Amino acid sequence: MTRVLVQLKLALLRNGLRQSAGRRAAYIASAVAVLLVAVLQLLGLILLHGTEHAATVATLLTAVLALGWAVFPLFFPSGDETLDPTRLAMLPLHPDQLVRGLLVASLVGIGPLFTLTLAVGAAYATAGDPASTAVAVLAVPLTVLTCVALARAVAAANIRLLTSRRGRDLAVLSGLVVAIGAQLVNFGAQRLGSAGGVGALDPVAQVLHWVPPASAMGAVEAAARGAYAVSAARLSLTAAGFIVLLGVWRRALTRLMTAPDGSTLAAAEPTRRDRRTTGPRRRLLPEGRTGAVMERGLRYVWRDPKTKAAWVTSLAIGLIVPVFNALQGTGSVYFACFAAGMLGIQMYNQFGQDTSAFWTVAMTISTPRDAYEELRARTLALLLITLPYAALVTVLTTAMLGAWADLPEVLGLSFALLGAMLATGAWSSARFPYSIPQEGYKNVAPGQAGLAWIGIFGGMVAAALLCAPVLALTITLHAAGADTWTWTLLPVGAAYGAAATYLGLRLAAPRTAARLPEILTAVSKG
(Lines give C-alpha, C1' and ligand atoms only; values in the text may rest on other atoms or scores of the structure.)
Protein backbone atom coordinates (compact mmCIF):
# COMPACT_ATOMS: atom_id res chain seq x y z
CA MET A 1 0.00 0.00 0.00
CA THR A 2 2.88 2.39 0.66
CA ARG A 3 4.20 1.77 -2.85
CA VAL A 4 0.74 2.36 -4.31
CA LEU A 5 0.36 5.69 -2.54
CA VAL A 6 3.82 6.80 -3.68
CA GLN A 7 2.92 5.86 -7.25
CA LEU A 8 -0.31 7.82 -6.84
CA LYS A 9 1.64 10.90 -5.75
CA LEU A 10 3.97 10.58 -8.75
CA ALA A 11 1.00 10.11 -11.08
CA LEU A 12 -0.65 13.26 -9.74
CA LEU A 13 2.53 15.26 -10.33
CA ARG A 14 3.02 13.82 -13.80
CA ASN A 15 -0.57 14.30 -14.95
CA GLY A 16 -0.66 17.80 -13.55
CA LEU A 17 2.34 18.75 -15.65
CA ARG A 18 0.73 17.27 -18.75
CA GLN A 19 -2.24 19.64 -18.58
CA SER A 20 -0.55 22.58 -20.27
CA ALA A 21 2.82 23.94 -21.29
CA GLY A 22 2.28 26.98 -19.08
CA ARG A 23 1.82 24.79 -16.01
CA ARG A 24 4.97 22.83 -16.84
CA ALA A 25 6.93 26.05 -17.28
CA ALA A 26 5.63 27.45 -13.98
CA TYR A 27 6.47 24.23 -12.14
CA ILE A 28 9.96 24.02 -13.59
CA ALA A 29 10.64 27.71 -12.91
CA SER A 30 9.43 27.42 -9.31
CA ALA A 31 11.45 24.22 -8.79
CA VAL A 32 14.60 25.86 -10.13
CA ALA A 33 14.05 28.94 -7.95
CA VAL A 34 13.46 26.86 -4.81
CA LEU A 35 16.46 24.65 -5.43
CA LEU A 36 18.63 27.68 -6.12
CA VAL A 37 17.61 29.21 -2.79
CA ALA A 38 18.27 25.87 -1.08
CA VAL A 39 21.75 25.61 -2.59
CA LEU A 40 22.60 29.18 -1.58
CA GLN A 41 21.36 28.52 1.95
CA LEU A 42 23.40 25.31 2.05
CA LEU A 43 26.54 27.16 1.00
CA GLY A 44 25.93 29.79 3.68
CA LEU A 45 25.50 27.12 6.35
CA ILE A 46 28.67 25.38 5.21
CA LEU A 47 30.55 28.65 5.61
CA LEU A 48 29.14 28.95 9.15
CA HIS A 49 30.78 25.68 10.17
CA GLY A 50 33.03 26.22 13.16
CA THR A 51 31.85 29.78 13.89
CA GLU A 52 30.69 30.91 17.31
CA HIS A 53 26.97 31.22 16.60
CA ALA A 54 26.56 28.42 14.04
CA ALA A 55 24.43 26.35 16.44
CA THR A 56 22.13 29.30 17.10
CA VAL A 57 21.52 29.87 13.39
CA ALA A 58 20.96 26.15 12.76
CA THR A 59 18.45 25.83 15.60
CA LEU A 60 16.49 28.92 14.58
CA LEU A 61 16.46 27.81 10.95
CA THR A 62 15.04 24.43 11.93
CA ALA A 63 12.32 26.09 14.01
CA VAL A 64 11.37 28.36 11.11
CA LEU A 65 11.21 25.36 8.78
CA ALA A 66 8.87 23.56 11.18
CA LEU A 67 6.68 26.66 11.44
CA GLY A 68 6.48 26.84 7.66
CA TRP A 69 5.40 23.21 7.44
CA ALA A 70 2.75 23.83 10.09
CA VAL A 71 1.13 26.81 8.34
CA PHE A 72 1.59 25.67 4.72
CA PRO A 73 -1.53 23.44 4.60
CA LEU A 74 -3.60 26.20 6.23
CA PHE A 75 -2.85 28.85 3.61
CA PHE A 76 -2.28 26.65 0.55
CA PRO A 77 -4.72 23.75 0.93
CA SER A 78 -4.76 23.12 -2.84
CA GLY A 79 -0.98 23.00 -3.15
CA ASP A 80 -0.96 19.20 -2.71
CA GLU A 81 -3.97 17.10 -3.69
CA THR A 82 -2.88 14.32 -1.35
CA LEU A 83 -3.33 16.58 1.68
CA ASP A 84 -7.05 15.74 1.61
CA PRO A 85 -7.40 12.20 3.03
CA THR A 86 -11.20 12.28 2.66
CA ARG A 87 -10.71 11.38 -1.00
CA LEU A 88 -9.66 7.92 0.22
CA ALA A 89 -12.58 7.52 2.63
CA MET A 90 -14.43 4.99 0.46
CA LEU A 91 -11.44 2.65 0.22
CA PRO A 92 -11.00 -0.26 2.68
CA LEU A 93 -7.82 1.10 4.24
CA HIS A 94 -6.69 0.94 7.84
CA PRO A 95 -5.46 4.21 9.43
CA ASP A 96 -2.04 2.65 10.03
CA GLN A 97 -1.74 1.91 6.33
CA LEU A 98 -2.70 5.47 5.47
CA VAL A 99 -0.24 6.95 7.95
CA ARG A 100 2.68 4.90 6.63
CA GLY A 101 1.80 5.35 2.98
CA LEU A 102 0.99 9.05 3.10
CA LEU A 103 4.06 9.79 5.19
CA VAL A 104 6.35 8.22 2.61
CA ALA A 105 4.40 9.80 -0.26
CA SER A 106 4.78 13.19 1.42
CA LEU A 107 8.54 12.90 1.04
CA VAL A 108 8.12 13.17 -2.74
CA GLY A 109 8.25 16.77 -3.91
CA ILE A 110 10.20 20.01 -3.89
CA GLY A 111 9.28 20.95 -0.31
CA PRO A 112 10.80 17.87 1.34
CA LEU A 113 13.94 18.20 -0.82
CA PHE A 114 14.27 21.85 0.21
CA THR A 115 13.85 20.90 3.87
CA LEU A 116 16.35 18.07 3.58
CA THR A 117 18.94 20.38 2.02
CA LEU A 118 18.60 22.96 4.79
CA ALA A 119 18.60 20.30 7.49
CA VAL A 120 21.83 18.84 6.11
CA GLY A 121 23.40 22.30 6.05
CA ALA A 122 22.23 23.08 9.59
CA ALA A 123 23.61 19.79 10.89
CA TYR A 124 26.95 20.31 9.12
CA ALA A 125 27.25 23.84 10.53
CA THR A 126 26.68 22.52 14.06
CA ALA A 127 28.60 19.22 14.03
CA GLY A 128 32.31 19.10 14.77
CA ASP A 129 33.67 15.75 15.95
CA PRO A 130 32.72 12.15 14.96
CA ALA A 131 30.24 11.84 17.83
CA SER A 132 28.25 14.93 16.79
CA THR A 133 28.42 13.77 13.17
CA ALA A 134 26.86 10.45 14.17
CA VAL A 135 24.09 12.31 16.00
CA ALA A 136 23.59 14.52 12.92
CA VAL A 137 23.05 11.42 10.76
CA LEU A 138 20.05 10.62 12.97
CA ALA A 139 18.92 14.22 13.46
CA VAL A 140 18.57 15.13 9.77
CA PRO A 141 16.02 12.46 8.71
CA LEU A 142 14.21 12.81 12.03
CA THR A 143 13.86 16.56 11.43
CA VAL A 144 12.45 16.06 7.93
CA LEU A 145 10.02 13.35 9.07
CA THR A 146 8.82 15.48 11.98
CA CYS A 147 8.17 18.45 9.69
CA VAL A 148 6.20 16.31 7.25
CA ALA A 149 4.21 14.65 10.04
CA LEU A 150 3.43 18.09 11.49
CA ALA A 151 2.05 19.30 8.16
CA ARG A 152 -0.03 16.15 7.75
CA ALA A 153 -1.43 16.32 11.28
CA VAL A 154 -2.41 19.98 10.85
CA ALA A 155 -4.02 19.28 7.47
CA ALA A 156 -5.97 16.27 8.75
CA ALA A 157 -7.21 18.17 11.80
CA ASN A 158 -8.42 21.11 9.71
CA ILE A 159 -9.43 19.50 6.42
CA ARG A 160 -13.14 20.20 6.96
CA LEU A 161 -12.31 23.87 7.33
CA LEU A 162 -9.82 23.95 4.45
CA THR A 163 -12.31 22.49 1.95
CA SER A 164 -15.08 24.91 2.99
CA ARG A 165 -15.77 28.48 1.95
CA ARG A 166 -13.97 29.79 5.03
CA GLY A 167 -10.95 27.73 4.09
CA ARG A 168 -10.90 29.36 0.66
CA ASP A 169 -11.14 32.74 2.40
CA LEU A 170 -8.12 31.78 4.47
CA ALA A 171 -6.19 30.82 1.35
CA VAL A 172 -6.98 34.17 -0.27
CA LEU A 173 -5.62 35.92 2.82
CA SER A 174 -2.31 34.05 2.57
CA GLY A 175 -0.75 36.92 0.65
CA LEU A 176 -1.49 39.20 3.60
CA VAL A 177 0.25 36.82 5.99
CA VAL A 178 3.30 36.77 3.73
CA ALA A 179 3.33 40.58 3.59
CA ILE A 180 3.03 40.92 7.36
CA GLY A 181 5.65 38.24 7.85
CA ALA A 182 8.05 40.09 5.58
CA GLN A 183 7.57 43.25 7.62
CA LEU A 184 8.17 41.32 10.85
CA VAL A 185 11.34 39.76 9.44
CA ASN A 186 12.57 43.16 8.29
CA PHE A 187 11.85 44.69 11.68
CA GLY A 188 13.50 41.78 13.46
CA ALA A 189 16.60 42.02 11.26
CA GLN A 190 16.96 45.71 11.99
CA ARG A 191 16.52 45.12 15.71
CA LEU A 192 19.01 42.30 15.56
CA GLY A 193 21.59 44.51 13.89
CA SER A 194 21.17 47.21 16.52
CA ALA A 195 21.38 44.63 19.34
CA GLY A 196 24.84 43.43 18.40
CA GLY A 197 24.29 40.59 15.92
CA VAL A 198 23.23 36.95 16.09
CA GLY A 199 24.55 36.60 19.63
CA ALA A 200 21.42 38.38 20.86
CA LEU A 201 19.40 35.33 19.80
CA ASP A 202 21.38 32.85 21.87
CA PRO A 203 18.77 32.83 24.71
CA VAL A 204 16.02 32.07 22.18
CA ALA A 205 18.07 29.24 20.72
CA GLN A 206 18.65 27.81 24.19
CA VAL A 207 14.89 27.51 24.63
CA LEU A 208 14.34 26.07 21.14
CA HIS A 209 16.98 23.42 21.83
CA TRP A 210 14.24 21.65 23.82
CA VAL A 211 11.39 22.20 21.31
CA PRO A 212 10.98 19.53 18.59
CA PRO A 213 12.13 19.41 15.83
CA ALA A 214 14.68 22.14 16.64
CA SER A 215 15.75 19.92 19.52
CA ALA A 216 17.31 17.58 16.94
CA MET A 217 19.83 20.30 16.06
CA GLY A 218 20.17 20.98 19.76
CA ALA A 219 21.22 17.35 20.14
CA VAL A 220 23.96 17.86 17.55
CA GLU A 221 25.11 20.99 19.38
CA ALA A 222 25.19 19.18 22.72
CA ALA A 223 27.18 16.26 21.25
CA ALA A 224 29.67 18.69 19.70
CA ARG A 225 30.51 20.09 23.15
CA GLY A 226 30.62 16.67 24.81
CA ALA A 227 27.27 16.75 26.64
CA TYR A 228 26.18 13.32 25.46
CA ALA A 229 23.42 12.87 28.03
CA VAL A 230 21.85 16.17 27.01
CA SER A 231 22.26 15.19 23.37
CA ALA A 232 20.46 11.90 23.92
CA ALA A 233 17.67 13.65 25.81
CA ARG A 234 17.12 16.20 23.03
CA LEU A 235 17.20 13.57 20.32
CA SER A 236 14.75 11.44 22.29
CA LEU A 237 12.51 14.49 22.69
CA THR A 238 12.43 14.95 18.91
CA ALA A 239 11.63 11.28 18.40
CA ALA A 240 8.86 11.52 21.01
CA GLY A 241 7.45 14.56 19.25
CA PHE A 242 7.44 12.68 15.97
CA ILE A 243 5.59 9.74 17.55
CA VAL A 244 3.03 12.09 19.15
CA LEU A 245 2.39 13.78 15.80
CA LEU A 246 1.85 10.39 14.17
CA GLY A 247 -0.66 9.56 16.90
CA VAL A 248 -2.50 12.85 16.42
CA TRP A 249 -2.50 12.32 12.68
CA ARG A 250 -3.85 8.77 13.07
CA ARG A 251 -6.68 9.91 15.34
CA ALA A 252 -7.61 12.67 12.89
CA LEU A 253 -7.64 10.16 10.03
CA THR A 254 -9.85 7.78 12.01
CA ARG A 255 -12.29 10.59 12.78
CA LEU A 256 -12.36 11.71 9.14
CA MET A 257 -12.96 8.18 7.85
CA THR A 258 -15.68 7.23 10.32
CA ALA A 259 -17.43 10.35 11.65
CA PRO A 260 -20.40 11.64 9.65
CA ASP A 261 -20.32 15.15 8.24
CA GLY A 262 -23.04 17.65 7.39
CA SER A 263 -23.89 15.87 4.11
CA THR A 264 -24.81 12.60 5.89
CA LEU A 265 -26.72 13.96 8.88
CA ALA A 266 -30.47 14.29 8.89
CA ALA A 267 -32.09 17.68 9.07
CA ALA A 268 -31.95 18.90 12.65
CA GLU A 269 -33.93 21.42 14.59
CA PRO A 270 -33.33 25.07 13.68
CA THR A 271 -30.19 26.33 15.34
CA ARG A 272 -29.96 29.47 17.40
CA ARG A 273 -28.38 31.21 14.41
CA ASP A 274 -31.25 30.12 12.16
CA ARG A 275 -33.81 31.42 14.65
CA ARG A 276 -31.91 34.67 14.96
CA THR A 277 -31.72 35.26 11.20
CA THR A 278 -35.32 34.23 10.47
CA GLY A 279 -36.91 36.12 13.32
CA PRO A 280 -37.34 39.85 13.80
CA ARG A 281 -34.05 41.68 13.83
CA ARG A 282 -33.14 45.05 15.21
CA ARG A 283 -31.67 47.21 12.46
CA LEU A 284 -28.75 49.46 13.26
CA LEU A 285 -28.63 50.90 9.74
CA PRO A 286 -31.02 53.45 8.19
CA GLU A 287 -34.25 52.29 6.63
CA GLY A 288 -34.89 52.29 2.89
CA ARG A 289 -32.39 52.07 0.07
CA THR A 290 -29.53 53.58 2.05
CA GLY A 291 -29.64 50.90 4.74
CA ALA A 292 -30.06 48.08 2.24
CA VAL A 293 -27.07 49.19 0.18
CA MET A 294 -24.95 49.70 3.29
CA GLU A 295 -25.81 46.23 4.56
CA ARG A 296 -24.99 44.70 1.19
CA GLY A 297 -21.60 46.41 1.14
CA LEU A 298 -20.78 45.29 4.67
CA ARG A 299 -21.80 41.73 3.81
CA TYR A 300 -19.39 41.83 0.86
CA VAL A 301 -16.62 42.80 3.26
CA TRP A 302 -17.46 39.91 5.59
CA ARG A 303 -18.36 37.16 3.10
CA ASP A 304 -16.76 37.76 -0.29
CA PRO A 305 -13.17 36.37 -0.28
CA LYS A 306 -11.72 38.96 -2.66
CA THR A 307 -13.37 41.91 -0.92
CA LYS A 308 -12.39 40.57 2.50
CA ALA A 309 -8.77 40.08 1.38
CA ALA A 310 -8.57 43.64 0.03
CA TRP A 311 -9.98 45.09 3.24
CA VAL A 312 -7.84 43.07 5.62
CA THR A 313 -4.74 43.90 3.57
CA SER A 314 -5.51 47.61 3.68
CA LEU A 315 -6.26 47.50 7.40
CA ALA A 316 -3.07 45.61 8.19
CA ILE A 317 -0.70 47.61 6.02
CA GLY A 318 -2.30 50.88 7.10
CA LEU A 319 -1.37 49.97 10.67
CA ILE A 320 1.99 48.29 10.02
CA VAL A 321 3.66 51.17 8.17
CA PRO A 322 3.19 53.92 10.80
CA VAL A 323 3.55 51.64 13.82
CA PHE A 324 6.70 49.87 12.64
CA ASN A 325 8.32 53.15 11.66
CA ALA A 326 7.47 54.51 15.10
CA LEU A 327 8.95 51.42 16.76
CA GLN A 328 12.17 51.83 14.80
CA GLY A 329 12.46 55.44 15.97
CA THR A 330 12.60 56.73 12.38
CA GLY A 331 8.91 57.37 11.90
CA SER A 332 6.97 60.58 11.60
CA VAL A 333 3.54 61.30 12.97
CA TYR A 334 2.43 62.05 9.41
CA PHE A 335 2.84 58.37 8.53
CA ALA A 336 -0.53 57.93 10.23
CA CYS A 337 -2.14 59.35 7.08
CA PHE A 338 -1.09 56.13 5.38
CA ALA A 339 -4.05 54.38 7.03
CA ALA A 340 -6.56 56.79 5.48
CA GLY A 341 -4.87 56.40 2.11
CA MET A 342 -4.97 52.61 2.18
CA LEU A 343 -8.63 52.52 3.23
CA GLY A 344 -9.61 55.17 0.68
CA ILE A 345 -8.49 52.81 -2.09
CA GLN A 346 -11.50 50.61 -1.27
CA MET A 347 -13.75 53.27 -2.83
CA TYR A 348 -12.25 52.66 -6.27
CA ASN A 349 -14.06 50.22 -8.58
CA GLN A 350 -17.12 50.05 -6.37
CA PHE A 351 -19.19 48.30 -9.02
CA GLY A 352 -16.52 45.78 -9.96
CA GLN A 353 -16.95 43.84 -6.71
CA ASP A 354 -20.58 43.17 -7.74
CA THR A 355 -19.38 41.36 -10.93
CA SER A 356 -22.26 40.11 -13.08
CA ALA A 357 -24.70 40.65 -10.20
CA PHE A 358 -24.42 44.39 -10.85
CA TRP A 359 -27.39 44.07 -13.21
CA THR A 360 -29.65 43.77 -10.14
CA VAL A 361 -28.29 47.12 -8.97
CA ALA A 362 -28.50 48.65 -12.43
CA MET A 363 -32.21 47.81 -12.58
CA THR A 364 -32.82 50.13 -9.61
CA ILE A 365 -30.96 53.12 -11.13
CA SER A 366 -32.89 55.20 -13.64
CA THR A 367 -32.01 58.76 -12.68
CA PRO A 368 -28.96 60.62 -11.37
CA ARG A 369 -30.78 60.81 -8.04
CA ASP A 370 -30.88 57.01 -7.83
CA ALA A 371 -27.19 56.85 -8.70
CA TYR A 372 -26.39 59.43 -6.04
CA GLU A 373 -28.25 57.48 -3.35
CA GLU A 374 -26.46 54.27 -4.39
CA LEU A 375 -23.02 55.90 -4.24
CA ARG A 376 -23.82 57.73 -1.01
CA ALA A 377 -24.88 54.51 0.72
CA ARG A 378 -21.73 52.72 -0.44
CA THR A 379 -19.66 55.62 0.87
CA LEU A 380 -21.40 55.56 4.24
CA ALA A 381 -20.69 51.83 4.54
CA LEU A 382 -17.01 52.55 3.95
CA LEU A 383 -17.00 55.38 6.46
CA LEU A 384 -18.34 53.08 9.18
CA ILE A 385 -14.94 51.35 9.07
CA THR A 386 -12.54 53.93 7.70
CA LEU A 387 -13.30 56.88 9.98
CA PRO A 388 -12.79 55.17 13.36
CA TYR A 389 -9.86 53.14 12.04
CA ALA A 390 -8.02 56.15 10.65
CA ALA A 391 -8.57 57.96 13.94
CA LEU A 392 -7.36 54.93 15.94
CA VAL A 393 -4.14 54.58 13.90
CA THR A 394 -3.47 58.30 14.23
CA VAL A 395 -3.93 58.27 18.00
CA LEU A 396 -1.76 55.16 18.34
CA THR A 397 1.04 56.62 16.23
CA THR A 398 1.09 59.93 18.08
CA ALA A 399 1.07 58.09 21.41
CA MET A 400 4.05 55.94 20.40
CA LEU A 401 6.00 59.01 19.25
CA GLY A 402 4.82 61.17 22.14
CA ALA A 403 3.67 63.87 19.69
CA TRP A 404 0.27 64.66 21.20
CA ALA A 405 0.49 68.28 20.09
CA ASP A 406 0.44 67.10 16.45
CA LEU A 407 -2.67 64.94 16.86
CA PRO A 408 -5.27 67.54 15.69
CA GLU A 409 -3.44 68.46 12.49
CA VAL A 410 -2.66 64.85 11.56
CA LEU A 411 -6.28 63.89 12.13
CA GLY A 412 -7.35 66.80 9.95
CA LEU A 413 -4.97 65.77 7.18
CA SER A 414 -6.19 62.16 7.41
CA PHE A 415 -9.84 63.19 7.13
CA ALA A 416 -9.10 65.50 4.22
CA LEU A 417 -7.17 62.75 2.40
CA LEU A 418 -9.93 60.23 3.06
CA GLY A 419 -12.58 62.60 1.72
CA ALA A 420 -10.54 63.33 -1.39
CA MET A 421 -10.06 59.63 -2.09
CA LEU A 422 -13.75 58.91 -1.59
CA ALA A 423 -14.58 61.67 -4.06
CA THR A 424 -12.14 60.55 -6.74
CA GLY A 425 -13.01 56.90 -6.08
CA ALA A 426 -16.69 57.51 -6.80
CA TRP A 427 -15.85 59.22 -10.09
CA SER A 428 -13.31 56.55 -11.03
CA SER A 429 -15.81 53.77 -10.30
CA ALA A 430 -18.13 55.23 -12.92
CA ARG A 431 -15.45 56.14 -15.47
CA PHE A 432 -13.02 53.20 -15.24
CA PRO A 433 -14.92 50.11 -13.98
CA TYR A 434 -13.32 46.68 -14.35
CA SER A 435 -14.21 43.13 -13.43
CA ILE A 436 -12.75 41.18 -10.49
CA PRO A 437 -12.49 37.42 -11.25
CA GLN A 438 -14.13 35.30 -8.58
CA GLU A 439 -11.76 32.37 -8.99
CA GLY A 440 -7.99 32.34 -8.63
CA TYR A 441 -5.72 35.03 -7.27
CA LYS A 442 -6.12 37.66 -10.00
CA ASN A 443 -7.83 40.90 -9.02
CA VAL A 444 -8.31 42.18 -12.57
CA ALA A 445 -9.90 40.35 -15.51
CA PRO A 446 -7.64 39.78 -18.56
CA GLY A 447 -7.53 42.79 -20.84
CA GLN A 448 -8.63 45.27 -18.16
CA ALA A 449 -5.34 45.88 -16.39
CA GLY A 450 -4.98 49.26 -18.09
CA LEU A 451 -8.36 50.38 -16.77
CA ALA A 452 -7.39 49.34 -13.25
CA TRP A 453 -4.07 51.21 -13.36
CA ILE A 454 -5.66 54.36 -14.78
CA GLY A 455 -8.58 54.32 -12.36
CA ILE A 456 -6.62 53.67 -9.16
CA PHE A 457 -3.38 55.55 -9.70
CA GLY A 458 -5.00 58.37 -11.63
CA GLY A 459 -7.53 58.77 -8.86
CA MET A 460 -4.82 58.73 -6.20
CA VAL A 461 -2.95 61.51 -7.99
CA ALA A 462 -6.16 63.50 -8.24
CA ALA A 463 -6.84 62.94 -4.54
CA ALA A 464 -3.37 64.20 -3.67
CA LEU A 465 -4.04 67.35 -5.71
CA LEU A 466 -7.39 67.82 -3.99
CA CYS A 467 -5.64 67.75 -0.61
CA ALA A 468 -3.24 70.50 -1.68
CA PRO A 469 -5.18 73.36 0.03
CA VAL A 470 -5.17 71.64 3.43
CA LEU A 471 -1.54 70.66 3.03
CA ALA A 472 -0.64 74.23 2.03
CA LEU A 473 -2.42 75.57 5.10
CA THR A 474 -0.45 73.15 7.30
CA ILE A 475 2.88 74.24 5.79
CA THR A 476 1.93 77.90 6.09
CA LEU A 477 1.07 77.63 9.79
CA HIS A 478 4.36 75.90 10.57
CA ALA A 479 6.40 78.27 8.42
CA ALA A 480 4.82 81.29 10.11
CA GLY A 481 5.53 79.89 13.55
CA ALA A 482 1.83 79.75 14.40
CA ASP A 483 2.00 76.28 15.92
CA THR A 484 -0.62 77.22 18.49
CA TRP A 485 -3.18 77.43 15.67
CA THR A 486 -2.53 74.00 14.16
CA TRP A 487 -5.49 72.63 16.12
CA THR A 488 -7.73 74.38 13.60
CA LEU A 489 -6.60 71.88 10.98
CA LEU A 490 -8.83 69.25 12.59
CA PRO A 491 -12.17 71.00 11.89
CA VAL A 492 -10.83 72.40 8.61
CA GLY A 493 -9.67 68.98 7.42
CA ALA A 494 -12.89 67.26 8.49
CA ALA A 495 -15.07 69.90 6.80
CA TYR A 496 -12.89 69.87 3.69
CA GLY A 497 -13.05 66.06 3.46
CA ALA A 498 -16.83 66.05 3.89
CA ALA A 499 -17.24 68.75 1.22
CA ALA A 500 -14.94 66.91 -1.19
CA THR A 501 -16.87 63.67 -0.67
CA TYR A 502 -20.22 65.37 -1.27
CA LEU A 503 -18.99 67.14 -4.38
CA GLY A 504 -17.42 63.95 -5.74
CA LEU A 505 -20.62 61.99 -5.29
CA ARG A 506 -22.66 64.72 -6.95
CA LEU A 507 -20.35 64.80 -9.96
CA ALA A 508 -20.12 61.01 -10.25
CA ALA A 509 -23.87 60.35 -10.01
CA PRO A 510 -24.88 61.70 -13.48
CA ARG A 511 -21.99 59.85 -15.13
CA THR A 512 -22.95 56.64 -13.35
CA ALA A 513 -26.58 56.89 -14.49
CA ALA A 514 -25.53 57.66 -18.08
CA ARG A 515 -22.94 54.86 -18.34
CA LEU A 516 -24.87 51.98 -16.76
CA PRO A 517 -24.69 49.73 -19.88
CA GLU A 518 -20.93 50.28 -20.20
CA ILE A 519 -20.38 49.66 -16.49
CA LEU A 520 -22.45 46.46 -16.59
CA THR A 521 -20.46 45.17 -19.57
CA ALA A 522 -17.12 46.01 -17.97
CA VAL A 523 -17.79 44.44 -14.57
CA SER A 524 -19.31 41.26 -16.06
CA LYS A 525 -16.26 40.19 -18.06
CA GLY A 526 -14.80 38.15 -15.21
Side-chain angles (χ1 to χ4, degrees), residues 169 172 277 281-319 339-355 357-365 368-393 414-430 433-434 436 438 443 455-456 459 463 494 497-509 511-513 516 519 523:
D169 293 355
V172 171
T277 55
R281 181 176 56 185
R282 179 184 178 183
R283 294 184 60 93
L284 300 177
L285 301 176
E287 297 290 341
R289 178 181 187 132
T290 299
V293 174
M294 291 178 66
E295 183 173 358
R296 184 186 66 214
L298 295 174
R299 285 182 182 270
Y300 277 157
V301 174
W302 182 249
R303 294 183 176 181
D304 181 61
K306 291 295 182 69
T307 306
K308 181 188 295 185
W311 268 99
V312 174
T313 302
S314 297
L315 291 170
I317 297 179
L319 177 65
M342 289 298 302
L343 296 179
I345 294 177
Q346 303 307 316
M347 187 63 187
Y348 294 84
N349 195 36
Q350 271 293 301
F351 308 124
Q353 65 183 3
D354 297 345
T355 61
F358 179 68
W359 73 271
T360 59
V361 178
M363 294 294 293
T364 65
I365 300 176
R369 178 65 184 178
D370 295 335
Y372 171 75
E373 291 179 353
E374 176 74 22
L375 289 171
R376 182 186 62 185
R378 290 175 182 249
T379 304
L380 290 175
L382 289 175
L383 287 173
L384 284 179
I385 304 174
T386 55
L387 269 181
Y389 187 79
L392 175 63
V393 173
S414 295
F415 292 155
L417 176 61
L418 180 60
M421 296 197 72
L422 293 177
T424 56
W427 187 87
S428 178
S429 297
Y434 58 89
I436 303 176
Q438 293 301 294
N443 290 321
I456 295 177
T501 302
Y502 176 79
L503 182 61
L505 296 178
R506 282 296 184 185
L507 294 177
R511 182 173 291 273
T512 301
L516 280 179
I519 296 174
V523 302

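Quick caveat, the model's predicted, so the values are computed rather than measured.
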Would you list the atom pairs, donor with acceptor, under 3.5 Å between side chains in residues 416-425 and any protein atom, with sequence neighbours excluded?
from	atom 1	to	atom 2	distance (Å)
T424	OG1	Y348	OH	2.7
T424	OG1	A420	O	3.0
T424	OG1	M421	O	3.3
T424	OG1	G459	O	3.4

For this session: Show your working on side chain to side chain contact (heavy atoms under 4.5 Å, CB included) between R378 and Y300 and close with a plain yes or no.
Result: CA-CA 11 Å; R378 290 175 182 249; Y300 277 157; 5.6 Å; no
For this session: Over 60° means perpendicular and under 30° means parallel, so classify the ring planes of Y372 and Y502, tilted if in between.
Result: perpendicular
Spacing of [X] atom [atom1] and [Y] atom [atom2] [to the nearest 0.5 Å]:
| X | Y | atom1 | atom2 | result |
| --- | --- | --- | --- | --- |
| M294 | L380 | CE | CG | 5.0 Å |
| L343 | L387 | CG | CG | 10.0 Å |
| L392 | L319 | CG | CG | 7.5 Å |
| L298 | L382 | CG | CG | 8.5 Å |
| I365 | L516 | CD1 | CG | 5.0 Å |

Using side-chain heavy atoms (C-beta onward) and a distance below 4.5 Å, is [X] in contact with [Y]?
| X | Y | value |
| --- | --- | --- |
| F358 | I519 | yes |
| T307 | W302 | no |
| R296 | V293 | yes |
| L384 | L285 | yes |
| D370 | E374 | no |
| M347 | T386 | no |

Measure across [X] and [Y] and return the closest heavy-atom pair with its distance rounded to 0.1 Å.
| X | Y | result |
| --- | --- | --- |
| S314 | M342 | OG-O, 3.4 Å |
| A430 | A508 | CB-O, 4.3 Å |
| A509 | P368 | CB-O, 3.5 Å |
| G504 | A426 | O-CB, 4.4 Å |

Exercise. Does a side chain donor of either T364 or R289 reach within less than 3.5 Å of an acceptor in the other side chain?
Worked result: yes
Exercise. Just by modelled atom types, is the L315 backbone N or O under 3.5 Å from a matching donor or acceptor in the Y389 side chain?
Worked result: yes
Problem set entry | Partners passing side-chain contact (heavy atoms from CB on, under 4.5 Å) against A494 (at least two apart in sequence or in another chain) | F415
